[in-house]
Number of protein chains: 2
Amino acid sequence: MAEGGAKRADMVTITDVARHAGVAVSTVSYVLSGKRAISATTRQRVLASIRALGYHPNAGARALASRRANVIALVLPLRSGMHLPVLMQFATAVVTTARQFDHDVLLVTADEGPDGLRRIAASAMVDGIVLMDIEMHDPRVPLLRDLERPSVLIGFPAEAANLTCVDLDFYRAGAICVEHLVALGHRDIALLGAPAVVYERDTGFAHRTRAGFTETAERYGIDAIAQPCEESFDGVRQELAGLLERHPNLSGLVVHNEAAVAHVLATLPLLGRQVPHDISVVAICPDEVAERASPALSSVLIPAEDVGRQAVALLMRKLEGHPVPAATLLDPRLTVRASTAAVATAVSS
Amino acid sequence: MAEGGAKRADMVTITDVARHAGVAVSTVSYVLSGKRAISATTRQRVLASIRALGYHPNAGARALASRRANVIALVLPLRSGMHLPVLMQFATAVVTTARQFDHDVLLVTADEGPDGLRRIAASAMVDGIVLMDIEMHDPRVPLLRDLERPSVLIGFPAEAANLTCVDLDFYRAGAICVEHLVALGHRDIALLGAPAVVYERDTGFAHRTRAGFTETAERYGIDAIAQPCEESFDGVRQELAGLLERHPNLSGLVVHNEAAVAHVLATLPLLGRQVPHDISVVAICPDEVAERASPALSSVLIPAEDVGRQAVALLMRKLEGHPVPAATLLDPRLTVRASTAAVATAVSS
DNA sequence: CGCCGGTCTCGAAGCGCTTCGACAACCTGT
DNA sequence: ACAGGTTGTCGAAGCGCTTCGAGACCGGCG
């Protein structure tokens, strides 16, 4: 019995507050919820008692009676190859925003799968669900449709009918990068994307970025190649070396792979290309990464924080029964830094 | 009213199950909890009904009646300069382990502060609390002591009486690194630690590593200097350059800073030091980082997963009223890889 | 044969809260 | 002075579950 003891139930209940303030239990409840008018004097008295006793409503009882848990689930891909900093920023934004709406966040790992979601939802533990890392053909999507709880997805599955989705507009992000490079005079550009395995998993954002890149390049009628990119230093080095050998005139590079971005910058000089003098590099990554790089990267930022905030805000609106747009695409913004420059003159033709 | 509708209460309750199985509500409850003997035939019938109806117990009701929420809180420093990968591994381990004990995890950010903890605890939302990133004089610590919920800390505050703490034994980690270098013949070594701000925040692990390093070096009577280390590439470069200028004979380096480790490896060759030929480097970091580095780093791993698992296991034991050890120090293990070698012969005296 | 001790099941009393209908007390305007 | 509307408060009925005491049934003992 060393020390593990727990004091027996000093828990203050709403009844205690009511007695202390000399009012009915329901009055206390109404003071707390504001759902009925309570005279200023009574309210003050009740609030004083609440403070005096250190009362906190019992979450279980509240959930049971009101049918609202004031908790949302956040489903994270805790083990996948997602990029941690973004994920973290995102989680932070979700928690912070949820708290602003007086909700808490239940952390669920993606590997609990559909059954986990069903359990969470059916047990009325959470009022709604936010999911990250949605795949194109995500097995959880059909389930979400006929779950009785509202949900918001970060990312777009192939079939998004009847769902609420939020994401950066990756198509535009890819397009913007091309436009930026083209405006600087580059005519021979390449996209280094996520590792091949990510494309195979049918992750929507990777595909959409590539589409934006490729189609925009086509529209400008310029040479553009897109290829996956591994994340190890040696992998990057090999791929870059191969790429530059096949396309010696390459003067613009779009990197959509946070983990590889530093390696790319480190490797290019070793391959005889100075950034931005010989080759311009624009990345799609969080600002933090872009700023820290050397040289600082021109980049389209992934607004993880905005996404998280938006997702929660949408969910809250749904919880209140309001209609919300099915798709929310956050507009990418390009920040020009030191890694892109006008194409070097007097090189070709 | 576009589409936001929610189907009215198709929620299956224990009463439905009882009716469907032709037994009393309490019998269903006992089947589920196993707290009383139920005949095999009845049990089968009840379980069949549960499956047939797709019943999931209502978490709020269960929590209210049983005074157990089956949820633990995980308090993370979601915004600080902690190292994300470790934090993630840790969170994953906590969630996974909690699920094995049939508990869920409520995600709480450290910036909710003591009041947040009080709220979570007093509302009976969670049965227990796991806290990361404990500072030496953490303001939450006194609160935890007289909170009515058990808790487990990752890391050690200055005054740990009456608490349950888990962590890697950083003192030993620092010591082991020195011992390893000394065994290889190095007599002039340095520790590159966390950024200065981390020391100022009084984060325990940073201090303890340094103590282990310094005191062990003293015991061997060798030259050892310890200094903080910024995480930017340029910061690392400057500090290393300064260090090598002041101590040209430096032949062993201990790096306790995940973010800086890659920069250190990249910088040393630029300063004319080959690893491990001219200088040995041993890091305190997750295996993942050490393996990916080039050359692969000899390292003492931070067993984030073990720590998370242990923390939850301890908390569960406390929840069941069992006594648990106040301090759990996980033994560091050194893995020798390619970044350390015997000191180069014929250099000195 | 009657009684004791197991084994299995049931009914009812809450857990702490929300919410609904009722009602007293007060205003208006006429 | 009174019908009719506010406004502020109360009591009671649950929400869906756990848990306790008690009862029904059975076989075996003295």
Side-chain angles (χ1 to χ4, degrees), chain A residues 8-47 49-50 53-71 102 119 121-125 127 148, chain B residues 8-47 49-50 53-71 102 119 121-125 127 148:
Chain A
R8 227 352 327 127
D10 43 3
M11 298 274 80
V12 182
T13 76
I14 198 174
T15 311
D16 300 327
V17 175
R19 189 176 322 119
H20 185 274
V23 299
V25 165
S26 48
T27 302
V28 177
S29 178
Y30 287 125
V31 166
L32 252 22
S33 70
K35 294 197 177 170
R36 280 197 186 178
I38 297 288
S39 69
T41 56
T42 310
R43 175 184 299 107
Q44 294 312 326
R45 196 143 37 87
V46 170
L47 290 176
S49 299
I50 286 177
L53 301 179
Y55 167 71
H56 286 266
N58 178 300
R62 199 206 270 279
L64 180 55
S66 68
R67 321 183 129 274
R68 294 284 255 91
N70 273 37
V71 176
D102 195 32
R119 179 181 67 83
S123 67
M125 240 176 179
D127 303 321
E148 58 279 40
Chain B
R8 230 346 333 126
D10 44 3
M11 299 274 80
V12 181
T13 76
I14 199 175
T15 312
D16 299 328
V17 174
R19 189 176 323 122
H20 185 273
V23 298
V25 164
S26 50
T27 303
V28 177
S29 178
Y30 286 125
V31 166
L32 252 22
S33 70
K35 295 195 178 171
R36 279 197 186 177
I38 297 288
S39 68
T41 56
T42 309
R43 175 184 298 107
Q44 293 313 326
R45 198 141 38 86
V46 170
L47 290 176
S49 298
I50 286 176
L53 301 179
Y55 168 71
H56 287 267
N58 178 300
R62 199 207 272 277
L64 179 55
S66 67
R67 322 184 129 274
R68 293 283 257 91
N70 274 38
V71 176
D102 195 32
R119 180 181 65 85
S123 67
M125 245 181 172
D127 303 321
E148 58 279 40

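Just so it is clear: chains get the letters A, B, ... in the order the sequence lines come, proteins before strands, and each one is counted from 1.
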*Could you go step by step and tell me if Arg45(B) and Val23(B) meet the side chain to side chain contact (heavy atoms under 4.5 Å, CB included) rule?*
CA-CA 9 Å; Arg45(B) 198 141 38 86; Val23(B) 298; 4.0 Å; yes
Whichever of Ala65(B) and Thr41(B) has the more 5' nearest nucleotide on DNA chain C, that residue is Thr41(B)
Polar atoms only, N or O, under 3.5 Å: list the protein pairs with nucleotides 21-28 of chain C and their distances.
unit_1  : atom_1 : unit_2   : atom_2 : d
dG21(C) : N7     : Arg36(A) : NH2    : 3.2
dG21(C) : O6     : Arg36(A) : NH1    : 2.2
dG21(C) : O6     : Arg36(A) : NH2    : 3.2
dA22(C) : N6     : Arg36(A) : NH1    : 3.4

Legend entry - pair Leu53(A)-His20(A): side-chain heavy atoms closer than 4.5 Å: yes
Separation of dG16(C) atom P from Leu32(A) atom CG, nearest Å, is 16 Å
From CG of Asn70(A) across to P of dG16(C) the rounded distance in Å is 19 Å
| request: Would you please confirm or rule out a distance under 4.0 Å between OP1 or OP2 of dT7(C) and any side-chain N or O of Ser39(B)? | output: no
- prompt: If you look at every strand shown and take non-hydrogen atoms under 4.0 Å, does Val25(A) touch a base, only sugar-phosphate, or nothing?
  reply: base
When rounded to whole Å, the CG to P distance for the pair Asn58(B) and dG16(C) reads 17 Å
- Using a cut-off of strictly less than 4.0 Å, decide whether Arg67(B) has a side-chain nitrogen or oxygen near OP1 or OP2 of dG16(C). yes
So, does Thr27(A) get its side chain near the phosphate of dC10(D), meaning an N or O under 4.0 Å from OP1 or OP2?
yes
When rounded to whole Å, the CG to P distance for the pair Leu64(B) and dG14(D) reads 17 Å
Worksheet item: Where the side chain of Asp127(B) meets the backbone of Arg68(B), is there a donor-acceptor pair that is under 3.5 Å apart?
Response: no
Rounded to whole Å, CD1 of Ile14(B) lies from P of dC10(C) at a distance of 12 Å
To the nearest angstrom, the CD1-C1' distance between Ile50(A) and dC17(C) comes to 13 Å
### Query
With distance as the sole criterion, do the side chain of Ser26(B) and the base of dG11(C) form a donor-acceptor contact below 3.5 Å?
yes
*Checking all strands, does Ser29(A) fall into the base, sugar-phosphate, or nothing category for heavy-atom contacts under 4.0 angstrom?*
base
### Task
Test side chain to side chain contact (heavy atoms under 4.5 Å, CB included) on Met11(B) and Asn58(B) and set out the steps.
CA-CA 9 Å; Met11(B) 299 274 80; Asn58(B) 178 300; 6.0 Å; no
Report yes or no: do Ser26(B) and Ser29(B) form a side-chain donor-acceptor pair below 3.5 Å?
-> no
Side chain to side chain contact (heavy atoms under 4.5 Å, CB included) between Met125(A) and Val71(A), intermediate numbers included:
CA-CA 7 Å; Met125(A) 240 176 179; Val71(A) 176; over 6 Å; no
- Query: Leu32(A) versus Ile50(A): any side-chain heavy-atom pair under 4.5 Å?
  - Reply: yes
Rounded to whole Å, the CZ-P distance (Arg19(A) to dG16(C)) equals 12 Å
Point to revise | Step-by-step side chain to side chain contact (heavy atoms under 4.5 Å, CB included) determination, Asp16(A) to Tyr55(A) | key: CA-CA 9 Å; Asp16(A) 300 327; Tyr55(A) 167 71; over 6 Å; no
Please tell me if Ser66(B) has a side-chain N or O lying less than 4.0 Å from either OP1 or OP2 of dT19(D). no
Problem set entry | OP1 or OP2 of dT18(D) under 4.0 Å from side-chain N/O of Lys35(B) | no
**Prompt:** If only side-chain N and O atoms of Arg62(A) are considered, is one of them under 4.0 Å from the OP1 or OP2 phosphate oxygen of dT18(C)?
**Reply:** yes
Rounded to whole Å, CE of Met11(B) lies from C1' of dG14(D) at a distance of 18 Å
